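Comments concern the structure below.
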Amino acid sequence: MCGIIGYTGLEEATPILLDGLEQLEYRGYDSAGLALFTPGGSLQRLRAKGRLSALRDRVREQAESGADLRGTAGLGHTRWATHGEPSERNAHPHRSANGLYSIVHNGIIENFEALRAEMEAEGVAFTSETDTEVVAQLLEKLDTGDARETLRRTLPHLEGSFALGILYHSEPGVLYCARRQSPLLVARSQSGTLLASDAAALLPHTRSIFRLEDGEMARLTAEGITFFDGKGNETAKSPIEAARHVTAAEKGAYAHFMRKEIDEQPEAVRRTLEPLLRSRQLQLGEGERALHDPGDIHRMIFLGCGSAWHVGCVGRIIAEELCGIPASAELASEFRAQKSAINSHTLCVIVSQSGETADSLMALRLAAECGARTLSIVNVEGSSIAEESDCVLFTKAGLEVAVATTKAYSTQLAVIYALCARLAQLRGTWSGDSLAAFLHGLTALPDQIEETLRTCEAPAIAWAQELAANEHAYFIGRSLDHAAALEGSLKLKEISYIHAEAYAAGELKHGTISLLESGTPVVGVCCRQSVTAKTKNNLEECAARGAKLFCLTNDTALRLPRQILLPRCHTLLATSLSVLPMQLLAYKCAELRKCDIDKPRSLAKSVTVE
Ligand code: AGP
């Protein structure tokens, strides 16, 4: 998703803007730009297609050619294209026709075509294909000479989502900003004030960070910040607790953040479980608020996107087995696409690392409108989903920089295990020795994750050397193993660009098996003892058609080709171990295929558009 940074204060703005954009690179982008007020009060704009280094080159070239790039107030932006190809002319900041307004934007203006047609008919000349430029042109069209009043009048014309950074030519040194759905933070530092689309760009400067709510706006000057609502009335705000995510985003000795974050999983899961599992007693803290009158919860729905949905696929199985409640895992984008039958007897669990995924946020809002209880499992404090849920259980993964999630995924699983066990305990559907055995397994999990990473790295590398040259691969499993296969398949395709499909093992022979040819890789996950024999049969059906098998199991009696033996753990927790070799497989394949592992093409870390 797009990254936004703004600064006004006593220091030169350009280095702060460029360094801030660097902190936001992990969000994914295809072009970048900045605009700043020069001491003479004019507005300079520089933009470049491609990586941030291209923009840095542009700044250097301009400075060397004598352009005046001093200035202590400006905006920076990394663009993840939604409307209009990645190019310099589509890069932000966008300017209005007469240069009154320069803006940067994250989100989608859904009615931009109608607004653009209206203004073109009035003679306004557009210079880009973006939805964002419409906002700059509309601000100029509705300009009252007072930016705050102009903003107040303009925003209601916009449909869709936005986080906006705005420069008004008549107010050098002043930044304006506004938020609807797309996250936007503002902050006070020693030397001035800043705005940004996420805390990663602000934390190097300050801990005094404020989150704009939907409809809120702010005016930033070197001296301070004024917040105001959609009616223009000033509002007061308290800072948020964003400092918990101050993980110096450094790779250290690792070649990629993803590899570092794979190795951080044992400690991340340990840190996450610790407050939930003190002295082997389950306690969910504020999460318990969503579990009041546990007998009144008749249904659970796990909502999320991508890997977060895969976590929900694990959750629904465990919830049904432990809590005796009908449970489903629904793609957040699909959940919103149909009328839902949920009500006050439904517990909706929204899973989201960033806490800003637009589809998941909108699904949360729909669930709340239907009267459901909402509990979110989120990694970023102060994020929209965390703030808008009835209650939230935070994962303690720390800042996850790689676009492909690993440690956040594993910590989400850990929270799901504790949540389902606690609900089962409260409902009285689970207690005694079986609960004790589960809690013992949960306590042992971080060490088993550590052991698995240590023992399966070499075989996973050997797998990658055999698999990396393929253009297609299949991942199969049953029950929890299928949920793990979904995640293994996504990891492989999103960073190595190998087409991969996850299939319920029993489903393959109902059509897809026709795609198998000699040498087609099939990864089989056989860790759920109750269904291992059947999955083994399915794997043999694949081998009979020439498939090359790669098997994960914790069953020492199995003898499958290219088998990686995983530690035996509680049967309901096996996904946390079986996913690890598949993470390493994906990483190694991507490395062998020389892919951009931490920033895969076309992907963003936080998908804040629908
Ligand atoms: C996973 O590797 C992907 N980066 C992606 O599927 C991600 O899980 C999904 O976009 C959901 O993001 P969230 O957890 O921040 O809501």
Side-chain angles (χ1 to χ4, degrees), residues 1 26-28 80 181-183 197-200 245 256-259 261-262 265 268 302-315 329-336 348-365 376-389 392-395 397-413 415-416 475 483-484 486-497 500 502 579-580 582-587 590 595-610:
M1 284 308 90
Y26 76 93
R27 295 165 65 91
W80 186 79
Q181 287 176 25
S182 294
S197 34
D198 82 39
H245 284 280
H256 301 98
F257 281 110
M258 182 179 176
R259 189 66 190 81
E261 290 157 5
I262 286 173
Q265 290 179 107
F302 294 86
L303 290 164
C305 303
S307 295
W309 177 66
H310 298 159
V311 168
C313 293
V314 172
E330 317 229 359
L331 288 166
S333 56
E334 284 298 297
F335 175 72
R336 298 174 58 217
C348 283
V349 181
I350 298 88
V351 184
S352 175
Q353 185 282 131
S354 62
E356 297 298 351
T357 299
D359 286 322
S360 304
L361 177 59
M362 295 303 120
L364 161 63
R365 291 178 178 170
S376 59
I377 298 174
V378 174
N379 194 43
V380 179
E381 296 187 20
S383 58
S384 304
I385 290 172
E387 297 284 300
E388 295 190 26
S389 307
V392 53
L393 289 170
F394 285 110
T395 50
L399 183 64
E400 186 175 69
V401 176
V403 167
T405 185
T406 49
K407 62 175 182 174
Y409 169 88
S410 289
T411 55
Q412 288 165 353
L413 282 181
V415 172
I416 287 270
F475 291 71
L486 286 166
E487 180 60 12
S489 160
L490 177 61
K491 287 279 111 22
L492 184 67
K493 58 186 148 185
E494 70 175 323
I495 64 169
S496 75
Y497 313 146
V579 73
L580 302 170
M582 294 189 280
Q583 292 171 348
L584 290 167
L585 170 66
Y587 176 79
C595 297
D596 188 347
I597 292 172
D598 287 333
K599 297 190 277 293
R601 67 188 181 203
S602 308
L603 287 181
K605 184 62 181 172
S606 173
V607 185
T608 55
V609 293
E610 296 169 86

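Remember, it's 1-based here, ligands and their atoms both numbered in the order they're listed. Quick caveat: nothing in here was measured; it's all calculated off a predicted structure.
Inclusion of Glu487 in the set of residues having an N or O under 3.5 Å from an N or O of ligand 1 is not warranted. Between Ser360 and ligand 1, no N or O atom pair is found at a separation short of 3.5 Å. Any N or O atom pair closer than 3.5 Å counts here, and Glu494 shares at least one such pair with ligand 1.
The distance from ligand 1 to the heavy atoms of Ser307 drops below 4.0 Å at these ligand atoms: 1 (C), 2 (O), 6 (O), 8 (O). If you number the atoms of ligand 1 from 1 as listed, the ones under 4.0 Å from a heavy atom of Gly306 come out as 6 (O). Of all the atoms in ligand 1, the ones that sit under 4.0 Å from a non-hydrogen atom of Leu490 are 6 (O).
In this structure, Ala332 and Leu303 approach most closely via the heavy-atom pair CA-CD2, 4.5 Å. Between Gly398 and Asn379, the shortest heavy-atom contact is O-ND2, 2.9 Å. Contact between Tyr497 and Arg601 at its shortest, heavy atoms only, is OH-N, 2.7 Å. Shortest non-hydrogen contact noted between Glu487 and Thr405 is OE2-O, 3.9 Å. Closest of all the heavy-atom pairs between Ala308 and Val351 is CB-O, 3.2 Å.
Among all non-hydrogen protein atoms, the one lying nearest atom 14 (O) of ligand 1 is Gln353 N, 2.7 Å. Of the protein's heavy atoms, Thr357 OG1, 2.5 Å lies nearest to atom 16 (O) of ligand 1. Among all protein heavy atoms, the one lying closest to atom 15 (O) of ligand 1 is Ser354 OG, 2.7 Å. Closest to atom 4 (N) of ligand 1, if we only count protein heavy atoms, is Val403 O, 2.7 Å. For atom 10 (O) of ligand 1, the closest non-hydrogen atom of the protein is Val607 CG2, 4.1 Å.
The closest side-chain heavy-atom distance from Leu584 to Arg259 is below 4.5 Å. Taking 4.5 Å as the limit, some side-chain heavy atom of Leu486 sits within range of a side-chain heavy atom of Cys313. Looking only at side-chain heavy atoms (C-beta outward), Glu400 and Ser354 stay at 4.5 Å or farther from each other.
Counting heavy atoms only, Cys305 comes closest to atom 9 (C) of ligand 1 of the residues Ala404, Ala586, Cys305.
Assignment of Lys491 to the shell around ligand 1 is supported, since a heavy atom sits closer than 4.0 Å.
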| query | Could you go step by step and tell me if Gln583 and Thr406 meet the side chain to side chain donor-acceptor pair (under 3.5 Å) rule? | reply | CA-CA 7 Å; Gln583 292 171 348; Thr406 49; 5.2 Å; no
